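As structure tokens, the structure follows; a few thoughts come after it.
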Amino acid sequence: MLETRYDHKKVEKNKYENWKNKGYFTAGDKSKTPFSMVIPPPNVTGKLHLGHAWDTTIQDIIARYKKAKGYDVLWLPGCDHAGIATQAKIMNKLKQDGVDTTKLTRQEFLDIAWKWKDEYSKNIHEQWASLGLSLDYSRERFTLDKGLNDAVKKVFVDLYEKGLIYRGEKITNWDPIQMTALSNIEVIHHDDKGQFYYFKYHLVGLDKYLEVATTRPETMFGDVCLCVNPNDKRYVDYIGKYVINPANNEQIPIIGDEYVDIKFGTGVMKCTPAHDPNDFEISKRHNLARPIIMNKDGTMNEKCGKYVGQDRFQCRKNLLEDIKNNGDLIKIENIVHSVGHSERSNAVVEPMLSKQWFVKMKPLAKLILDNQKGKNKVKFVPSRFNKVLIRWMENVDDWCISRQLWWGHQIPAYYKKDSQEIYVGVNPPKDIENYVQDSDVLDTWFSSGLWPFSTLGWPNKSDDFLRYFPTDVLSTGYDIIFFWVSRMMFQSLFNLNKPPFKSVIIHGLVRDELGRKMSKSLGNGVDPNEVISNFGADALRYFLTTNSTPGQDMRYSQEKVESSYNYLNKIWNLARYILNVLPNDFKNENIDAKKLDGFEAYILNRLQITIKQVTRNMEKYDFNAASSYLYNFVYDDFCSNYLEMSKISLQIESDEYKNIIHQVLYKCLKTIILLIYPYCPFISEEIYLSLPEHKESIMLENYPVVERKFINDEFDGCVNLLLDCIKDVRNYKSNHKLAPNCPCDLMINFRVKPFKNFKNYLKRFTFATNIEEIDTSLTNKDGAIYLHSLGDMLIKVKANKEDLKILLEKNIKVEQQEILRAQNMLNNPNFIKKAPKEKIALEENKLKKHQENLLTLTNQLKNL
RNA sequence: GGAUGCUUAGCUCAGUUGGGAGAGCAUCGCCUUUACACGGCGGAGGUCGUGGGUUCGAGUCCCUCAGCAUCCACCA
């Protein structure tokens, strides 16, 4: 027997371990159709946040739904080594502990990192468990696994051999704190306050100078020339002449290049090829030198004279002071401009020339672009995110994949000592002693880009790979479409000639209650563990998946988590009631649809509609819509209406029919919990196991299907009449300050034949002492009032004339408005001409009925 | 500069192919009725951002503008 109150802590205890140990999460039933997903592997850097909870709950709902629908569901778990993020965290921790990290060897660090990984993946496992995720742990993978490393090496070599990976010297985004190169999308641009410094560049041999503005004076040590637009009449004559660089007094030429925007600034631009991508391009056109003037940690190098060793920003300050003292500073302008910051360290990114490995993106992007035009197009939910991807792929730059880190897949390239020769291969060169392996590792996203197939055993043609690839669905946030979704797509298209998944579900971000992004600096993050502890995983899951539209951001709202909890409490209590009502010897039997009286037929019909609508929306991955159909059924149709009515019929009916009611209650209860189950597995399991007949677990049950024999709307009119009558009487009493249980007499005119217990229900819910059936001519009987409802009803209560008059007048007004509305439509010749016939007939019927009602009411008023 | 999303009840949000505006919370009144006071019953509250257009009919489709948010690209 269930406890009187829903206690999420008791309900959620021990169930997960049991499911897991029984093997319910393990895929592999070959008799069924496979359905597969891979989890977006969380970073082994810390705790999971609400975004993870949202993302994984979506997947768990799909997994449980599909399993109940009869599929062999594989949901594959795992973690990402998250190169930069993890290495930074570990280094910080070591420094805090007083370790001199500069003395660590690569291997020592890796030993520490693997221990860290074990610890953090343990935390992640605990959180997955408390959320109730039905992950197949027998297939869990990690992005640095041996198997995945094999896949990474193979792909690297294949891309290299096809000319799609190359090593090159280019301007890359350099993070001086983490001392590694970054890809373009790891750089976050935001508007910062800065200064625009105007300097004098004196012309050699002339008593003139050019005004040049820069935001980064420290890069002047790397200037190789000034550039002007050859079409700029102001400066064209200076091309070929020399100026003196005020930073180091070196003479540099003035050259012409059309890149310079005549209208911008002074029209003269300094050119620093090793520290600016555009200047680098200019240097290629004019064959200029590319001096690098900074060290890897962002300090100035030996090319910077007395500033050597100074941090770039310190140098900027000092240099400025010196130039100012020389009289070559013209002015300083405060500006707001976009500055790139490292995603992880937040350091101001320094564009810097270095030798890195790149993936040549154009041909790979084309694979995606072509695929999205074809039959195997990956379906995005919502579809607009397909456009986001396409736009990105059309304009994508080459992807810098080498990172100057230790934690990651070491690049399988080997440099022959004392030679230019490079060897790239899955296995090291035979004469390894003559080679040195590239010390860099690959961008984390390189290995996660292989995740949907590397985790299934590829490049081996394993059973899992053959059975479960391509996967069916991927769920992730829109913020990582570029980082991850696009990379998985082209890697899969390149390596396997097909997309890695059929559909991608894109969701938004979880924001705080004020709509702000949750972040560490604001300290506004909400810990899922805390929510689970307070309200339960089921309430959290329900909240997360039913409070937003696909692709839209969501605000966390404790209020709505509470409301989700209350809903579960409602289900808990309706279950408790039904289980209490069912006799001890209850046996589930087939219900003979022909024997059903009105309300039983009605509720089973509503149930079929609910199953249909919920299923339809589950198939569309619209969990909000699906849940609201169930919600409305539970609250309105079932609890407020049917359940209450059944209490009466259970008192007065024959034993035979009582059994039918029991069967109906049981069927409704079981269906409700099976429909809510994918959202809220814990409470569903608890209730399920309390049913008189049940399997070992709700996880072994099938999803409800529509039963045709119960589709029957012939009682809808009569039920609505009953409900309207009850509502009108209650409303009347409430408006007249009469107690709800104040006795009254009712007279009712049936336009449709009422079902058997109609009058009993009406009596009980209106506290009527007498219900009289009358014919169509409704007249004012002493003290009775006509209520405008579907079936015409008179109510007689202890009320004074004035009350009756007010009510009648109010009802007359309503009828008049209705008549006017219908007439307006019907008097419109275009409406008659063009609207569908059914619509016209509907309006005509309404008009007729309201006119009749009006007549009755006015007669009553007259006779009052 | 380019793109996308949002603008509906006091607040947070739904609104499926165009055919009488919904939920949660808040609010007002009544009810401690034996599933649930984490409840029940009954109310009040919206010219659906602006201005046009298409249509017999627009929250819904098209265009304009405004505000907010996000993404991409960025001129030194």
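Values reported hereafter were calculated over all heavy atoms of this structure, with side chains retained and with hydrogens, waters and symmetry mates removed. In this text, all values refer to a predicted model and were calculated from it rather than measured experimentally. Here is how names work: the chains are called A, B, and so on, in the same order as the sequence lines, proteins then strands, and each is numbered from 1.
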Regarding [X], tell me which of base, sugar-phosphate or nothing describes its non-hydrogen contacts under 4.0 Å with the strands shown.
{"X": "A/Pro829", "answer": "nothing"}
{"X": "A/Tyr631", "answer": "sugar-phosphate"}
{"X": "A/Ser564", "answer": "nothing"}
{"X": "A/Glu818", "answer": "base"}
{"X": "A/Ser557", "answer": "nothing"}

Legend entry - Residues that A/Asn566 engages under side-chain hydrogen bond (donor to acceptor under 3.5 Å, both in side chains), provided they are two or more places apart: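 Counting only residues at least two positions away or on another chain, A/Asn566 forms no side-chain hydrogen bond (donor to acceptor under 3.5 Å, both in side chains).
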
Legend entry - Nucleic acid footprint by protein, nucleotides 68-76 of chain B - heavy-atom cut-off 4.0 Å, B for base, S for sugar-phosphate alone: ---SS-BBB

Inset, instruction - Would you give a per-nucleotide map of nucleotides 32-42 of chain B, 5' to 3', where B means the base has a protein non-hydrogen atom under 4.0 Å away, S means only the sugar-phosphate does, and - means neither? - result: ---BBSBSSSS

Considering only atom [atom1], compute the distance from [N] to [M] and round it to an integer number of Å.
{"N": "B/A37", "M": "B/G51", "atom1": "P", "answer": "49 Å"}
{"N": "B/U50", "M": "B/G67", "atom1": "P", "answer": "15 Å"}
{"N": "B/A3", "M": "B/G43", "atom1": "C1'", "answer": "47 Å"}
{"N": "B/C28", "M": "B/G5", "atom1": "C1'", "answer": "37 Å"}
{"N": "B/C48", "M": "B/C6", "atom1": "C1'", "answer": "14 Å"}
{"N": "B/A73", "M": "B/C65", "atom1": "P", "answer": "26 Å"}
{"N": "B/C25", "M": "B/G40", "atom1": "P", "answer": "9 Å"}
{"N": "B/G10", "M": "B/U55", "atom1": "P", "answer": "34 Å"}

Legend entry - Salt-bridge contact A/Glu843-A/Lys839 (side-chain N to carboxylate O under 4.0 Å):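 A salt bridge links A/Glu843 with A/Lys839.
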
Protein-nucleotide distance ([X], atom [atom1]; [N], atom [atom2]), rounded to Å:
{"X": "A/Asn741", "N": "B/C30", "atom1": "CG", "atom2": "P", "value": "15 Å"}
{"X": "A/Arg516", "N": "B/U12", "atom1": "CZ", "atom2": "P", "value": "14 Å"}
{"X": "A/Asn624", "N": "B/G22", "atom1": "CG", "atom2": "P", "value": "17 Å"}
{"X": "A/Asn547", "N": "B/C11", "atom1": "CG", "atom2": "C1'", "value": "14 Å"}
{"X": "A/Lys837", "N": "B/C56", "atom1": "NZ", "atom2": "C1'", "value": "16 Å"}
{"X": "A/Asp636", "N": "B/G22", "atom1": "CG", "atom2": "P", "value": "12 Å"}
{"X": "A/Gln613", "N": "B/G15", "atom1": "CD", "atom2": "P", "value": "14 Å"}
{"X": "A/Met554", "N": "B/C13", "atom1": "CE", "atom2": "C1'", "value": "11 Å"}

Can you give me the N/O atom pairs linking the protein to nucleotides 5-9 of chain B at distances under 3.5 Å, or say none if there are none?
from, atom 1, to, atom 2, distance (Å)
B/G5, O2', A/Gln552, NE2, 2.5

Inset, instruction - For A/Tyr198, enumerate each residue passing the ring pair (Phe, Tyr, Trp, His ring centres under 6.0 Å) test, keeping only those at least two apart in sequence or located in another chain. - result: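 In terms of ring pair (Phe, Tyr, Trp, His ring centres under 6.0 Å), with neighbours along the sequence ignored, A/Tyr198 is linked to A/Phe196.
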
Legend entry - All ring pair (Phe, Tyr, Trp, His ring centres under 6.0 Å) counterparts of A/Phe483, not counting sequence neighbours: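 Result, ring pair (Phe, Tyr, Trp, His ring centres under 6.0 Å) vs A/Phe483: A/Trp445.
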
Inset, instruction - Can you measure from CD1 (A/Ile673) to CD1 (A/Ile571) and round to the nearest 0.5 angstrom? - result: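 Reported value, rounded in 0.5 Å steps: 9.5 Å.
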
Legend entry - A/Arg216 (side chain) donor-acceptor with A/Arg312 (main chain) under 3.5 angstrom: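 No, the answer is negative, given that no donor and acceptor are paired below the 3.5 Å cut-off.
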
Legend entry - A/Asn624 (side chain) donor-acceptor with A/Thr545 (main chain) under 3.5 angstrom: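 Not at all, since once roles are kept as given, no pair shorter than 3.5 Å links the two residues.
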
Side chains of [X] and [Y] only: does a donor on one sit below 3.5 Å from an acceptor on the other?
{"X": "A/Arg821", "Y": "A/Asn824", "result": "no"}
{"X": "A/Glu186", "Y": "A/Asn173", "result": "no"}
{"X": "A/Thr610", "Y": "A/Lys612", "result": "no"}

Legend entry - Pairs touching residues 554-564 of chain A that satisfy side-chain hydrogen bond (donor to acceptor under 3.5 Å, both in side chains), sequence neighbours left out: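 Only A/Gln558-A/Glu562 qualify under side-chain hydrogen bond (donor to acceptor under 3.5 Å, both in side chains).
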
Inset, instruction - On RNA chain B, check which nucleotide each of A/Ala739 and A/Asn632 is closest to and give me the residue with the more 5' one. - result: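 Taking each residue's closest nucleotide, the earlier one in sequence belongs to A/Asn632.
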
Inset, instruction - For A/Asn617 and for A/Arg555, locate the closest nucleotide of RNA chain B by heavy-atom distance; then report the residue assigned to the nucleotide nearer the 5' terminus. - result: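 By nearest-heavy-atom nucleotide position, the 5'-most residue is A/Arg555.
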
Legend entry - Residues in salt bridge (Lys or Arg N to Asp or Glu O under 4.0 Å) contact with A/Lys200, at least two apart in sequence or another chain: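 None.
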
In terms of the angle between their ring planes, are [X] and [Y] parallel, tilted or perpendicular, with boundaries placed at 30° and 60°?
{"X": "A/Phe623", "Y": "A/Tyr679", "value": "perpendicular"}
{"X": "A/Phe385", "Y": "A/Tyr478", "value": "parallel"}
{"X": "A/Tyr565", "Y": "A/His8", "value": "perpendicular"}

Legend entry - Summary of salt bridge (charged side-chain N to carboxylate O under 4.0 Å, His left out) pairs that have at least one residue in residues 536-553 of chain A, sequence neighbours excluded: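 Those involving residues 536-553 of chain A are A/Asp60-A/Arg541, A/Arg511-A/Asp553.
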
Inset, instruction - Among residues two or more places apart or on two chains, list those pairs meeting salt bridge (charged side-chain N to carboxylate O under 4.0 Å, His left out) that have a residue in residues 613-633 of chain A. - result: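 For residues 613-633 of chain A, and leaving out neighbouring residues, the salt bridge (charged side-chain N to carboxylate O under 4.0 Å, His left out) pairs sorted by first residue read A/Lys66-A/Glu619.
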
Pairwise N/O distances under 3.5 Å, protein to nucleotides 52-55 of chain B:
none

Legend entry - Check: A/Arg391 side chain, B/U4 base, donor-acceptor under 3.5 Å: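 Flag unset: no donor-acceptor pair detected.
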
Legend entry - Stem list, RNA chain B (Watson-Crick or G-U pairing under 3.5 Å, at least 3 consecutive pairs):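 Only these stems qualify: B:1-7 with B:66-72, B:10-13 with B:22-25, B:27-31 with B:39-43, B:51-53 with B:61-63.
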
Inset, instruction - Please say whether the positively charged group of A/Lys331, taken as NZ for Lys or CZ for Arg, lies over the ring of A/Phe199, i.e. under 6.0 angstrom from the six-membered ring centre and within 45 degrees of the axis. - result: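 No, A/Lys331 does not lie over the aromatic ring of A/Phe199.
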
